[in-house]
Amino acid sequence: MTVHNREIAAAFARIADLLEIRGDNPFRVRAYREAARVLEDMTEPVERMVKDGADLTRIKGIGKDLAEKIKAFVETGRLEYLEKLESEIPASLLELMKIPDLGPRRVAVIHKELGIETVEELRAAIETGKISSLKGFGEKSEQKIFHALSEIPNKKNHRMLLADVAASASSFQKYLEEQPGVERVSLAGSYRRGKETVGDLDILVICREGFEETVMASFVRFGEVARVLSRGTTKSAVVLRSTLQVDLRIVERSSYGSAMHYFTGSRAHNIAIRKLAVQNKYKINEYGVFEEGKKIAGETESGLYEAMGLRYIAPELRENLGEVEAARENRLPRLIGISDIRGDLHMHTTRTDGRNTLAEMAAAARDLGYEYIAITEHSRKVAMAGGLDESGLRQYMAVIDAENEKIDGITILKGIEVDILPGGELDLPDSVLRDLDIVVGSVHYQQRFPVRQQTERVIRAMDNPHLQILGHPTGRLLNRREPMDIDLERIIEAAKERDVIIELNAQPDRLDLPHNYCKLAAEIGVPIAVSTDAHSTENLLRMKNGITEARRGWLTRQDVINTRPLAEMTGMLRRR
DNA sequence: GCCGTTTTCGGCCCGACTGTTTTCAGTCG
């Protein structure tokens, strides 16, 4: 019986929702939510802490009561308090909370007054006009809810991949920049923090005085707008045809820094900063930093941090996962940037499932200014992609040798992405692996083993001295597939013992190793390879997605091997 | 329910917009 951090987090989040519907103390609700968030981000398995008898109240946001609940959950697999709440409040009400404009209070009213528990019952009540007669509801609310019910996939918790938002984000930004009176357009929110997925896009605009109305009118007229959610003098919101929600705020130049800070978030980071402000007798809102009603900062973000006695914190770090303390103690990392990258160590060509030839990939990489690349085709087990067997690989190695002779300005390393088989064996014999420059090992099949078996499998693969880089370690596909059940902390420690490098796969729906484990790997001292896993020349540009995730994981240039010159990089690969 | 260089009790971040209200609650970020 294994209880994952994310299961405990989910249980606490559920408790928070149920308590909210019940109208419980909002601060207690917040305590459960905060605990859920902390558990979600933690890399150390709480289950292990319980078994080791560790003091759970040392975890920020976990006190005596929640520590007891966690302990009981780990030991019995049950959470009595949650079960009790679920017996009092129908769980289907949580579904109703997912409908925009329906929060805990109004769901409670609907339930209490009309006995409604499900989406179907809600729909029926609207059709008979019962909702609009409720206190606090009217014609408009009824219509809005009805509208939301007709587009069920557009739930308020739907999040899009960062990379999928990027195109509309920049075209929207460009459009706004061209509008009369507009002086500056900035993107904020989780988009600016580089979060893997984005729930909505926040745009801030500075405009000349008197142009506010014009800007708002332009905003809702943007060509991709499907629906206007709200429209005020300083704040409006629309939904694009892609279902992405976009919020616009018009801010004063003198408040630009505090507004950027406020709307970049995260919420947890903002709360931490404001708490700090309150302790120092300041007040922070989106308009500035105030001391006894007098504004003392706010025009720039760094001015805001400075007023709090902090170093500037990069947006990627703003998750309240230690960055505030680090900023105070002047030990923030100097984050890696895209220009630090000298090569790409994972890519495919037309020889297996890539779309561009070896020569095209090499030329494209050289045009990016890279010093080296590694060609890492699939091995035979990945038959769907035309994976190579030993003789196929040897032939291709000769092709790469020939290409290296022809091309100037870049070195092509001969590699493989060898499949890690269910028992932990590698899919190709050592006799051929030893003749390669670089060996990436990845799991593609049987991703649903129990945690112990999956962990043992990968450690066993790392026992093979030829495996130098562990590829996409969790196998997650954002919005599509959960990560494998695997003990990543043990994997990282095992990698450290064996001098194995861990990959941060930059595919926008992978971003695997996830950022919190990037941070752990750096702390443990396991170098990371940020690789694109490109299947085309265009895919090579995905490096920037990987770098964003690396920055979210607090990584510096020193933590990443492909920032090093070729000889130094190969020198960091495990000897075999 | 958590937390403490003000506190072990009494606080807990802050504001815009909407709709339904006669002065504000609910939702959202």
Side-chain angles (χ1 to χ4, degrees), chain A residues 12 15-16 19-21 23-38 56-70 81 96-110 131-145 148 156-157 159 188-191 193 198-204 216 228-238 245-251 255 258-259 261-290 308-309 320 328:
Chain A
F12 283 176
I15 288 174
L19 287 175
E20 217 173 14
I21 293 177
D24 221 287
N25 177 357
F27 297 108
R28 176 190 281 169
V29 173
R30 183 197 289 178
Y32 276 99
R33 269 216 182 107
E34 181 63 12
R37 191 190 69 84
V38 168
L56 296 176
T57 63
R58 282 200 335 250
I59 304 167
K60 198 165 69 175
I62 305 291
K64 195 156 166 282
D65 184 87
L66 292 186
E68 283 303 314
K69 289 196 168 73
I70 292 171
Y81 187 51
L96 299 185
M97 286 238 290
K98 290 179 183 163
I99 298 165
D101 297 316
L102 274 191
R105 312 222 77 92
R106 304 176 92 192
V107 166
V109 169
I110 289 173
I131 296 297
S132 59
S133 62
L134 286 175
K135 188 170 159 63
F137 290 80
E139 281 297 323
K140 289 233 177 168
S141 308
E142 190 171 81
Q143 282 315 305
K144 268 179 131 173
I145 296 166
K156 65 185 172 193
N157 60 352
R159 299 184 68 88
S190 53
Y191 182 82
R193 300 202 311 281
V198 173
D200 58 21
L201 184 65
D202 299 286
I203 305 182
L204 263 58
M216 281 304 177
V228 179
L229 292 176
S230 66
R231 183 170 164 187
T233 52
T234 64
K235 178 182 169 180
S236 296
V238 298
Q245 183 177 326
V246 184
D247 297 347
L248 181 83
R249 290 291 290 243
I250 296 179
V251 303
S255 300
S258 35
H261 182 260
Y262 181 83
F263 291 106
T264 296
S266 65
R267 187 193 299 236
H269 173 86
N270 286 357
I271 288 175
I273 295 291
R274 276 160 197 229
K275 240 181 198 163
L276 203 59
V278 169
Q279 279 168 20
N280 295 315
K281 307 267 191 244
Y282 296 122
K283 188 177 95 150
I284 297 185
N285 56 25
E286 59 257 59
Y287 302 108
V289 181
F290 299 89
M308 294 299 110
N320 195 26
R328 186 163 47 215

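Per chain, numbering begins at 1; letters A, B, ... match sequence-line order.
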- Task: Any chance you could lay out the side chain to side chain contact (heavy atoms under 4.5 Å, CB included) test for A/M216 and A/L248, step after step, and finish with the verdict?
- Result: CA-CA 8 Å; A/M216 281 304 177; A/L248 181 83; 3.8 Å; yes
- Message: Looking at A/E139, is its backbone amide N or carbonyl O close enough to the side chain of A/S132 to form a donor-acceptor pair, meaning the two atoms are under 3.5 Å apart?
- Response: no
- What nucleotide among B/dG29, B/dC13, B/dG19 has an atom nearest to a side-chain atom of A/I271? B/dC13
- Query: When the P atoms of B/dC28 and B/dT22 are considered, how many whole Å apart are they?
  - Reply: 22 Å
- Would you mind reading off the distance between A/R267 atom CZ and B/dT27 atom C1', rounded to a whole angstrom? 11 Å
- Message: In whole Å, I'd like the distance from the NZ atom of A/K69 to the C1' atom of B/dG1.
- Response: 8 Å
- Checking all strands, does A/N285 fall into the base, sugar-phosphate, or nothing category for heavy-atom contacts under 4.0 angstrom? sugar-phosphate
- Where at least one partner belongs to residues 271-281 of chain A, residue pairs that pass side chain to side chain donor-acceptor pair (under 3.5 Å), sequence neighbours excluded: none
- Short side-chain N/O contact from A/Y191 to OP1 or OP2 of B/dG29, under 4.0 Å: no
Please list, pair by pair, any protein nitrogen or oxygen found under 3.5 Å from a nitrogen or oxygen in nucleotides 3-9 of chain B.
from: B/dC3; atom 1: OP1; to: A/G61; atom 2: N; distance (Å): 2.8

- Query: Hey, what do you get for CD1 (A/I284) to CG (A/N270), rounding to the nearest 0.5 Å?
  - Reply: 8.5 Å
- What does A/I273 touch in the nucleic acid at a heavy-atom separation under 4.0 angstrom: a base, only the sugar-phosphate, or nothing? nothing
- Between atom CD in A/E20 and atom P in B/dG26, what is the gap in whole Å? 12 Å
- Message: Salt bridge or not between A/E20 and A/R33? Use side-chain N to carboxylate O under 4.0 Å.
- Response: yes
- Query: Touch check for A/R106, heavy atoms < 4.0 angstrom, all strands: base, sugar-phosphate only, or nothing?
  - Reply: sugar-phosphate
- Of A/L134 and A/I284, the one whose nearest nucleotide on DNA chain B sits closer to the 5' end is A/I284
- Query: On a whole-Å scale, what distance lies between the P atoms belonging to B/dA16 and B/dT5?
  - Reply: 32 Å
- For A/E139, which contact category applies under a 4.0 Å heavy-atom criterion: base, sugar-phosphate, or nothing? sugar-phosphate
- Side-chain N or O of A/S141 less than 4.0 angstrom from OP1 or OP2 on B/dT18? no
- Message: The side chain of A/D247 is closest to which nucleotide in this list: B/dG29, B/dG1, B/dG19?
- Response: B/dG29
- Task: Scan A/P26 against the nucleic acid and name what it touches under 4.0 Å (heavy atoms): base, sugar-phosphate only, or nothing.
- Result: nothing
- Query: Taking only side-chain nitrogens and oxygens of A/R30, does any of them come within less than 4.0 Å of OP1 or OP2 of B/dC13?
  - Reply: yes
- Message: Using whole Å, what does the distance between atom P of nucleotide B/dG26 and atom NZ of A/K144 come to?
- Response: 16 Å
- Item | Nucleotide nearest A/T234 when distance is taken to its side chain, options B/dT27, B/dA16, B/dC14 | B/dA16
- Task: Grab the NZ-C1' distance between A/K275 and B/dC2 for me, whole Å please.
- Result: 8 Å
- Query: How many angstroms lie between NZ in A/K69 and OH in A/Y81, if you round to the nearest 0.5 Å?
  - Reply: 6.0 Å
- What is the distance from CZ of A/F27 to P of B/dC13, rounded to the nearest Å? 7 Å
- Query: Expressed in angstrom and rounded to an integer, what is the separation of A/R274 atom CZ from B/dG29 atom P?
  - Reply: 16 Å
- Message: Would you measure the distance from the P atom in B/dT23 across to the matching atom in B/dC17 and give it in whole Å?
- Response: 23 Å
- Touch class at under 4.0 angstrom, heavy-atom based, for A/S236 against every strand present: nothing
- Message: Does the structure show a Watson-Crick or G-U wobble partner for B/dC28, both distances under 3.5 Å? Name it, or say none.
- Response: B/dG15
- Nucleotide of B/dG15, B/dT20, B/dC2 approaching A/E286 most closely (side-chain heavy atoms): B/dG15
- Message: Taking only the C1' atom of each, what is the distance from B/dT21 to B/dG26 in whole angstrom?
- Response: 12 Å
- Query: The side chain of A/L66 lies closest to which of these nucleotides: B/dC12, B/dC2, B/dG26?
  - Reply: B/dC2
- Message: Donor-acceptor pair, distance only, cut-off 3.5 Å: does the side chain of A/R193 make one with the backbone of A/T264?
- Response: yes
- What does A/F263 touch in the nucleic acid at a heavy-atom separation under 4.0 angstrom: a base, only the sugar-phosphate, or nothing? nothing
- Query: For A/S258, which contact category applies under a 4.0 Å heavy-atom criterion: base, sugar-phosphate, or nothing?
  - Reply: nothing
- Item | Any donor-acceptor pair under 3.5 Å from A/Q245 side chain to A/D200 backbone | no
- Query: Rounding to the closest angstrom, what is the interatomic distance between B/dG19 and B/dG1 at atom C1'?
  - Reply: 33 Å
- Query: More than 12 foreign heavy atoms under 6.0 Å from NZ of A/K60: is that the case here?
  - Reply: yes
- Spacing of CD1 belonging to A/I110 relative to CD1 belonging to A/I99, to within rounding of 0.5 Å: 7.5 Å
- Message: Between B/dG4 and B/dT8, how many Å separate the two P atoms, rounded to a whole number?
- Response: 13 Å
- Interatomic distance at C1', B/dC24 relative to B/dT20, whole Å: 9 Å
- Nearest of B/dC2, B/dT18, B/dG29 to any side-chain atom of A/D65? B/dC2
- Message: Taking the minimum atom-to-atom distance to the side chain of A/R105, which one of B/dT27, B/dG1, B/dT18 wins?
- Response: B/dT27
- With a non-hydrogen cut-off below 4.0 angstrom, is A/R249 in contact with a base, only sugar-phosphate, or nothing? sugar-phosphate
- Note on the structure: Picking from B/dC13, B/dA16, B/dC14, the nucleotide nearest the side-chain atoms of A/Y262 would be B/dC14
- Item | Nearest to side-chain heavy atoms of A/N25, which nucleotide of B/dT18, B/dG1, B/dA16 | B/dG1
- Would you find a donor on one side and an acceptor on the other, under 3.5 Å apart, between the side chain of A/S266 and the backbone of A/H269? yes
- In whole Å, what is the span from the CD1 atom of A/I99 to the C1' atom of B/dC28? 16 Å
- Where the side chain of A/K235 is concerned, which of B/dG15, B/dG1, B/dC14 is the nearest nucleotide? B/dG15
